[in-house]
Amino acid sequence: MLPHKQIESKLQAAVREIIPDADVSAILVRPCDPKFGDYQSNALMSLAKARKLNPRQLATDVLAKLDLANICEKVEIAGAGFLNFRLKNSLLVQTLEAAARGEHLFFSKAATPKTIVVDFSSPNVAKPMHVGHIRSTGIGDALQRTLRLLGHRIISDNHIGDWGTQFGKLLLGWKQILNRAELERDAIAELERLYKIINAECDANPARLEEAKSELVKLQAGDAENISIWKEMIRLSQVQFDTIYSRLGVKFDHALGESFYNPWLGEVVNDLLAKNIARESEGAVGVFSDGSVPPKEDAFLVNRDGEWIADPALVRKSDGGFNYTTTDLATIDYRLKTWLPDEIVYVVDDRQSGHFKKLFLIFGRWKKDEAKKTKLIHVGFGKIMGDDGKPFKTRSGDTVKLGELLDEAVERAYQTVCEKSADLPEAQRREIARVIGLGAVKYADLLPNRQSDYIFSWDKMLALQGNTAPYLVYAYARIKSIFRKSEGGNLKPEIKLAAAEELTLAKHLLNFGITLEAVAEEYRPNYLCNYLFELAEKFSSFYENCPVLKAEDQATKNSRLALCDLTARVLKRGLETLGIETVEQM
RNA sequence: GCGCUCGUAGCUCAGUUGGAUAGAGCACCUGCCUUCUAAGCAGGUUGUCGCGCGUUCGAUUCGCGCCGGGCGCACCA
């Protein structure tokens, strides 16, 4: 058991002795400012407050029952009732040596593994993946990797947009203005061209819109020609998706698109109607307020000029077509029946928070018992803005295509590799540029808190200095360079810590697991970014001040080599968890 | 109008049950490559945490009000 878990567990036991009925699940310890110690707990102050006790007295009482022999130095009560813990050097060394022997890597698997469906990326058929997709794809992938690492059973599912009204227009375009040669050359660009032209025509001309609708109706009715064209569009899009995902190293267990759920949509609506959850209104079918909460908190009401009016979620349009709420309900139902998950996590733009709020409420009304067993979670994220504060576009007003962004990143990285490492063979420089360029883009997107909008900047996203992926990979490559020069020999799992930089680095290694748990708990990969950046910083400082291969004696050299190796392993594993590769040399 | 969300250093952003003297990167200045990769290290400068009130031993964090930005508000997803 990792030291902080031991402290926590002993602390909880001590609290239980003083206050037998206390809920000790919130009694936690956290890494803290080194001037106070290695770990801190402020939990006793909250507990004292809730029970109207004197916090310092409570801390004193708990401390009297707290036996941390062999774990910590003398525990101190500070301030209003903080407990400050300083690890015994012997335990720190033991923990590192166990890691050096391969017994752990500073994290432990979840005590109760959960089954979690992670729904992310969800690109649309016949449209190019653009810069916005980096968010859902990168965050979703980092989360599935983190949860898997912690021992959960993950089912990742790409809910591809392969159905919907846009296909009416696409079919019309395909039949009337398709350029076969262009389709061969760049299928997605050609499909996008078709859509833009027909869409503009439909806006201007109602007759054109009717034509498109009629193509859609034929598709929905199973018309053989339209089905065949539709399938071809999906196939062409899938080629694009596969190319991008392969470059990004993103894998899904399933890619059940919206169309997969078509067979059940009618049943869903009928069932909702039969159970009086939905009702007809103006020819459509929708789910309305059930009056169970005050209007202000009611997701199905909206205030217009002082009056509360219905804001339903439609599940069937007046023309008989279905809405995405219907598809999403069928999807939840399918996932629950198929995988029995404890959670379903949706990594989707925050602008859809209203949709998910309603969706989850409707599902709760529709399938009460199943809904109780499964947590439905919307992990939202902010928009990517241009430097004018508006949604990010290229100078010509187009969205930035993801493939082109990745190309640019790799190209910029290549320029730098050629400057810094001109002596490496070209193939190796290309490979380094690929890893660094893609890593820079992913890391720049994962670093900000996912909820905030951020301003896109080529220079920032492709930056190779500062708090970036290249900095982290560079730290890794420097360690690997040491080992290339260490002339073999087996690593000895014997650690001794003397220099301040060694201690700082060693203690930071121990916090890898806490960080992973925080990422999983709040679905925030940026915690891991910051942890790894700090690790690289602490390593760099160690590297400057503590010679490894030229250490003063053999024992120190062995110990430092072991520290280097552990740092490299955590960096590699951590970056891998963010979906970022490493190189041995750069 | 109503709801959601955001407002932290010159710029871009962090800030983990409310917690100790609010941090990082970029930019700017000063040092450091005849010792393991200078994509680096060491140090320096920068704040009414939008404003006000409240809860609390303690508020960037919670509540209320105001100001300012963004998003959403029935047959697109």
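All values reported here derive from a predicted model rather than from experimental measurement. Naming convention: chains lettered A, B, ... in sequence-line order (proteins, then strands); numbering from 1 in each chain.
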> Check whether the side chain of K357(A) and the base of G3(B) form a donor-acceptor pair under 3.5 Å.
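Under the 3.5 Å cut-off, the side chain and the base do not form any donor-acceptor pair.
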> State plainly whether the residues R412(A) and D459(A) are in salt-bridge range, i.e. N to O under 4.0 Å.
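Salt bridge flag = yes for D459(A) with R412(A).
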> According to a cutoff of under 5.5 Å between the ring centres and under 30° between the ring planes, does F82(A) stack with the base of G19(B)?
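Given the distance and angle limits, no, they do not stack.
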> Return the nearest nucleotide to the side chain of Q352(A); candidates are A77(B), U21(B), C73(B).
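Among A77(B), U21(B), C73(B), the one nearest the side chain of Q352(A) is A77(B).
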> According to salt bridge (Lys or Arg N to Asp or Glu O under 4.0 Å), who are the partners of R208(A), at least two apart in sequence or on a separate chain?
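Applying salt bridge (Lys or Arg N to Asp or Glu O under 4.0 Å) to R208(A) gives E201(A), E211(A).
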> Residues two or more places apart in sequence or in another chain: which of them pass salt bridge (Lys or Arg N to Asp or Glu O under 4.0 Å) with D453(A)?
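Result, salt bridge (Lys or Arg N to Asp or Glu O under 4.0 Å) vs D453(A): K383(A).
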> With sequence neighbours left out, what residues match F360(A) under ring pair (Phe, Tyr, Trp, His ring centres under 6.0 Å)?
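F360(A) satisfies ring pair (Phe, Tyr, Trp, His ring centres under 6.0 Å) with Y346(A), F356(A) only.
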> Could you list the residues that satisfy salt bridge (Lys or Arg N to Asp or Glu O under 4.0 Å) with K480(A), not counting sequence neighbours?
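Scan of K480(A) (salt bridge (Lys or Arg N to Asp or Glu O under 4.0 Å), adjacent residues dropped) gives none.
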> Where the side chain of R304(A) is concerned, which of A74(B), U12(B), A24(B) is the nearest nucleotide?
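Taking heavy atoms from C-beta onward, the closest nucleotide is A74(B).
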> So which pairs with a foot in residues 39-56 of chain A pass salt bridge (Lys or Arg N to Asp or Glu O under 4.0 Å), sequence neighbours left out?
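Counting only pairs at least two positions apart or across chains, the salt bridge (Lys or Arg N to Asp or Glu O under 4.0 Å) contacts touching residues 39-56 of chain A are D21(A)-R51(A).
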> Would you mind reading off the distance between K52(A) atom NZ and U56(B) atom C1', rounded to a whole angstrom?
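Checked: the NZ to C1' distance equals 11 Å.
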> Distances under 3.5 Å only, N/O to N/O: pair up the protein atoms with those of nucleotides 15-17 of chain B.
from, atom 1, to, atom 2, distance (Å)
G15(B), OP1, N526(A), ND2, 3.3
G15(B), OP2, N449(A), ND2, 3.1
U17(B), O2, A26(A), O, 3.1
U17(B), O4, N42(A), OD1, 2.3

> According to ring pair (Phe, Tyr, Trp, His ring centres under 6.0 Å), who are the partners of F300(A), at least two apart in sequence or on a separate chain?
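Here no residue qualifies.
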> Say whether Y531(A) and N526(A), considering side chains only, have a donor N or O and an acceptor N or O under 3.5 Å apart.
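Distance-only check fails for Y531(A) and N526(A).
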> Would you say the side chains of S259(A) and N262(A) form a donor-acceptor pair under 3.5 Å?
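No, N262(A) and S259(A) have no side-chain donor paired with an acceptor closer than 3.5 Å.
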> Starting from Watson-Crick (N1-N3 plus N6-O4 or O6-N4) and G-U wobble pairs under 3.5 Å, report the runs of at least three that RNA chain B belongs to.
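So far as stems of 3 or more pairs are concerned, RNA chain B shows B:1-7 with B:67-73, B:10-13 with B:23-26, B:28-32 with B:40-44, B:50-54 with B:62-66.
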> Report, one line per pair, each donor and acceptor closer than 3.5 Å where one atom sits in a side chain of residues 119-128 of chain A; sequence neighbours left out.
from, atom 1, to, atom 2, distance (Å)
D119(A), OD2, R335(A), NH1, 3.0
D119(A), OD2, R335(A), NH2, 2.8
S121(A), OG, T137(A), OG1, 2.8
S121(A), OG, Y245(A), OH, 2.6

> Going 5' to 3' along nucleotides 63-70 of chain B, which nucleotides have protein heavy atoms under 4.0 Å from the base (write B), which only from the sugar-phosphate (write S), and which from neither (write -)?
-------S
> Tell me, for nucleotides 29-40 of chain B in 5' to 3' order, what letter each nucleotide earns: B for a base near a protein heavy atom under 4.0 Å, S for only sugar-phosphate near one, - for neither?
------SBBSBS
> Does anything in residues 523-537 of chain A form a salt bridge (Lys or Arg N to Asp or Glu O under 4.0 Å)? List the pairs, not counting sequence neighbours.
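Passing the test, one end in residues 523-537 of chain A: E522(A)-R524(A).
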